[in-house]
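Computed over heavy atoms, backbone and side chain alike; hydrogens, waters and symmetry mates excluded. Just so it is clear: chains get the letters A, B, ... in the order the sequence lines come, proteins before strands, and each one is counted from 1.
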Amino acid sequence: MRRQYPFHLIEPQWQNRWDAQETFRAFNPGEPPAAEHPFAGRHGEAAPESLEKYYILDMFPYPSGAGLHVGHPEGYTATDILARFERMRGKHVLHPMGWDAFGLPAEQYAIKTGQHPRQTTEENVANFKRQIKSLGFSYDWTREANTTEPGYFKWSQWIFLQLYNSWFNPATNKAESIDTLKYPNDVASDEAKRAYRDEHRLTYVSHAPVNWCPELGTVLANEEVIDGKSEVGGHPVVRKPMRQWMLRITAFAQRLLDDLDTIDWSDSLKEMQRNWIGRSEGAEVTFTVQDSGEEIVVFTTRPDTLFGATYMVLSPEHELVDALTTEAQREAVAAYREAAARKSDLERTELAKDKTGVFTGAYAINPVNDEPVPIWIADYVLSSYGTGAIMAVPAHDERDLEFAQKFELPVRVVVEAPEGESLGFTGNGTSVESGFLTGLPTPEAKAKITDWLQENGKGKRTINFKLRDWLFSRQRYWGEPFPIVWRDGRHEAIAESELPLLPPELDDYKPTAEGDPPLARAAGWVNLPDGVLRETNTMPQWAGSCWYYLRYLDAQNDERFVGEAAEKYWMNVDLYVGGTEHAVLHLLYARFWHKVLFDLGHVSTPEPFQRLVNQGIILGEDGQKMSKSRGNVINPDVVIGEYGADAFRLYEMFMGPLEMMKPWSTQGVEGVYRFLGRVWRLFIDDSSYKDYEQAVTVAPDSAEAGLAELKLHPSISDAEPTDEQLKALHACIKKVTEDLEGMRFNTAISALMVFSNEASKWDTRPRAVLGTFLNLLNPFAPHLAEDLAARLDTAHGGTLAYQPWPVHDDAYLVEDTIEFPVQVNGKLRGHIVIAPDTPREEIEQLALECEKVQQFISGKEIKKVIVVPNKLVNIAAK
RNA sequence: GCGCGAGUGGCGGAAUUGGUAGACGCGCCGGAUUUAGGUUCCGGUCUCGCAAGGGGUGGAGGUUCGAGUCCUCUCUCGCGUACCA
């Protein structure tokens with residue numbers, strides 16, 4: 001196939017030039033650009049920090065061995081276009097890239113081959129960087145960050161120490177230094193104080209059952225377990241008690257929820273976070289166990305149904321189960337608990353259809369009417385939510401009803417539905433058979449019973465969150481070691497001066513035979529003098545990605561995780577683009593860390609990402625999700641080799657709206673590729689290009705040098721633009737500008753196509769008009785635009801990167817006459833040709849006289865004539 | 001089940017506040033250039049109809065001079081979530 005234009009030469013040429021010039025470098029406060037840098041060419045002596053900043057961020061990739069797929073460059077192209085656009089509009093743009101390079105695949109490869117994960121990672125990063133660079137993105141590579149480099153993870157560890165040395169003060173609703181923690185009177189001894197401190201830190205050690213994945217040899221966070229299987233690899237996950245580090249994210253639940261209102265994210269994304277945080281208002285109610293005096297606290301969102309509570313259920317793991325089980329039931333209860341404990345999460349969810357449970361033999365007293373109710377255990381009650389115990393109101397809860405029916409427990413209707421069946425009704429109705437609540441509508445009944453409980457010491461108003469604390473330790477090698485040591489069985493932070501704490505070198509990356517993490521193999525590293533031991537867990541991959549957007553601001557700083565002036569100037573992130581797969585994990589964790597850093601005074605904003613946009617998934621040509629097994633994966637290298645980076649970029653944006661899911665089409669790539677060819681031929685004399693191609697066939701070595709010999713199209717001149725030409729240009733400026741502001745890349749490209757289709761018909765092509773067009777094209781297809789601008793000599797300072805963005809003038813867009821549509825009863829019947837400022841009466845007159853319209857209104861009564869200025873005229877006739 | 005999003009030509013998709021449905025691109029049809037294929041250039045392309053005209057934005061109603069756009073009901077698909085009391 002004939003090459004539309006020599007992109008294979010032009011593209012590397014410009015990429016090298018941008019690199020050599022550091023064209024896209026952003027400048028931190030107090031760091032003025034060199035006089036010969038095009039930034040200075042545009043902004044003169046102005047201090048960089050005096051300019052309006054624009055921080056535009058991509059979700060950095062995990063550099064996998066498979067290399068880039070076409071989904072990565074979708075978001076990257078969108079942000080690059082906007083970065084170039086805003087740079088031309090005069091903003092000081094920060095557009096960085098880096099590597100989320102800790103992770104399991106490199107470690108698994110190490111286990112298989114013995115090759116150090118560092119080496120695998122370096123190779124993959126190099127490949128990713130080559131691929132990303134081949135797309136001509138305007139990243140400031142001087143700020144490249146890599147989570148696996150000691151200079152980076154030193155600060156990940158440092159942030160962990162900030163968490164370790166802080167607590168959440170409910171009075172101020174903020175994270176504070178642990179030193180501000182006040183001890184209650186009964187906490188007097190050093191020992192007790194220490195324990196009290198450790199209980200309040202934002203990081204703490206837990207021995208609770210965790211999600212253990214035997215296949216991966218590590219625990220996983222709740223968020224990493226999908227349907228009882230690991231999110232990575234889909235391996236079974238079982239529950240197993242282990243010592244783990246936790247982060248107290250639940251303390252921030254309310255703020256994480258509230259502050260969603262202050263940021264500009266899509267509703268669906270905010271909703272996902274809200275659902276994950278899962279706030280629900282209700283009450284805790286205390287039931288007393290008959291004969292034993294033990295108290296069981298339950299959480300309910302429907303305290304108004306307390307009169308309908310006919311039994312209670314504890315989760316099998318509930319701490320009181322042993323104490324209250326009667327002799328007669330002991331065996332059955334033990335068997336049930338054992339079975340429940342053995343079940344994986346997967347089994348527990350899969351078997352959810354059929355409710356199971358066992359009676360403990362004990363009864364509790366319903367505080368509102370002193371009736372005894374049987375206490376059961378069942379695994380449909382989760383130990384991890386609320387208090388791990390419920391009052392069952394089968395008449396008004398689907399799950400309780402199902403359970404009650406199966407085990408023939410009493411059902412008592414206490415809420416009357418406004419209409420229809422009251423049994424099983426879970427909405428708002430009217431209380432019945434409910435003592436002092438009877439007759440009250442649900443909201444009032446809730447308030448009244450809650451007050452009653454509170455007054456009688458039988459309960460209180462409570463808010464519950466689904467959000468759990470973040471399980472932060474992993475039994476892996478390739479992650480950040482914890483800056484923690486154990487002395488006499490108690491944890492201590494290591495000194496900041498000892499950071500970064502490097503992982504030990506190992507020959508074998510597998511967990512030990514005893515099931516300890518791989519770091520435990522390095523005896524010399526683990527064992528310190530005086531019997532002090534290093535923590536052998538490592539941090540999860542999220543640690544590095546929780547704060548990388550801050551490191552970019554000052555990537556080389558080895559005094560601080562980010563310099564104060566740089567942080568103040570650049571934050572927040574103005575636009576963050578990435579996939580929905582990070583809707584709850586990364587985005588929630590990062591917001592949490594950011595809030596802690598904010599509370600402690602290390603950053604200046606409460607939220608990190610002001611605006612966030614999700615790109616849609618790109619499907620294969622068959623409309624299916626791309627996957628190796630389907631064989632429908634598109635390799636960017638191949639597409640770039642065949643059509644060039646500009647065509648690739650353009651196509652990814654032309655496919656459709658950024659946020660939509662859309663299928664790949666190689667024919668579609670050819671379409672935009674042809675467009676770039678037409679642009680090329682708009683500027684270049686095609687016969688000179690044909691001669692060039694011939695010459696290159698004979699002497700391939702002359703390819704690069706021969707480019708300089710290409711002639712401009714003979715129609716190009718310094719002629720004054722005609723009105724028609726200016727109109728086409730200014731219409732294009734207007735449309736492209738507005739579409740870029742609204743991130744409508746596909747329609748912006750369509751406007752560029754419309755212009756080029758128009759311009760190719762012109763006999764004279766004024767240099768000024770075509771030059772301005774190249775400015776518009778530059779963000780989308782920067783290599784081609786730069787090359788043609790250089791030939792046209794319209795790029796001052798040797799690059800289009802800092803050319804002023806064109807501004808349209810409405811004066812060029814006015815029409816002398818317009819074809820004005822005429823409708824009859826809302827149906828288009830004809831057109832009248834009028835001047836733009838024709839008065840209403842005259843338009844009416846002309847419309848009624850219009851020949852084509854006549855046949856539809858003759859003999860009818862004209863009821864109304866509606867003239868919509870600049871739109872149309874509609875005649876209502878009957 | 002619940003939450004969110006989307007349904008427009010053969011395909012990807014356009015269509016400020018309700019105002020000429022189908023921009024732009026693909027594909028297809030025809031023509032020009034070419035020995036030919038490819039490339040390029042020009043024209044056509046929602047649908048029924050010879051035409052006048054009719055129909056048409058998942059479906060059914062409604063509001064309006066006028067609805068892809070607003071309202072009610074409904075169907076389908078995608079994503080998220082799921083015994084959260």
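- Under 4.0 angstrom from either OP1 or OP2 of A14(B) there lies at least one side-chain N or O belonging to N746(A).
- Listed nucleotides: C26(B), C24(B), A15(B). Nearest to the side chain of R744(A): A15(B).
- Checking U81(B), U20(B), G25(B) against the side-chain heavy atoms of M753(A) singles out G25(B) as nearest.
- Looking at heavy-atom distances under 4.0 Å, V754(A) makes contact with sugar-phosphate atoms alone, never a base.
- When the nucleotides G78(B), U40(B), G19(B) are ranked by their closest atom to the side chain of R674(A), U40(B) comes out on top.
- OP1 or OP2 of U40(B) lies within a sub-4.0 Å distance of a side-chain N or O belonging to Q4(A).
- Here R274(A) does not reach the OP1 or OP2 of G80(B): none of its side-chain N or O atoms lies under 4.0 Å away.
- An anti base is found at G25(B): its glycosidic angle is more than 90° from 0.
- Listed for the Y673(A) side chain is no donor-acceptor partner under 3.5 Å among the backbone atoms of R3(A).
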B/S/- along nucleotides 49-58 of chain B (protein heavy atoms under 4.0 Å) is ----SSS---

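- Here Q823(A) lies in heavy-atom contact (under 4.0 Å) with a base.
- For W762(A) and F755(A), the ring centers sit closer than 6.0 Å to each other.
- Distances from the side chain of Y385(A) to the nucleotides U40(B), U20(B), A85(B) place A85(B) closest.
- Contact annotation: side chain of K355(A) to base of C83(B), donor-acceptor pair present below 3.5 Å.
- Taking the ring axis of F683(A) as reference, the NZ or CZ atom of R681(A) does not stay both within 45° of it and closer than 6.0 Å to the ring centre.
- Using a 4.0 Å cut-off, some side-chain N or O of N757(A) falls inside it from OP1 or OP2 of G25(B).
- Closest to the side chain of I866(A), from the set G19(B), A85(B), A14(B), is G19(B).
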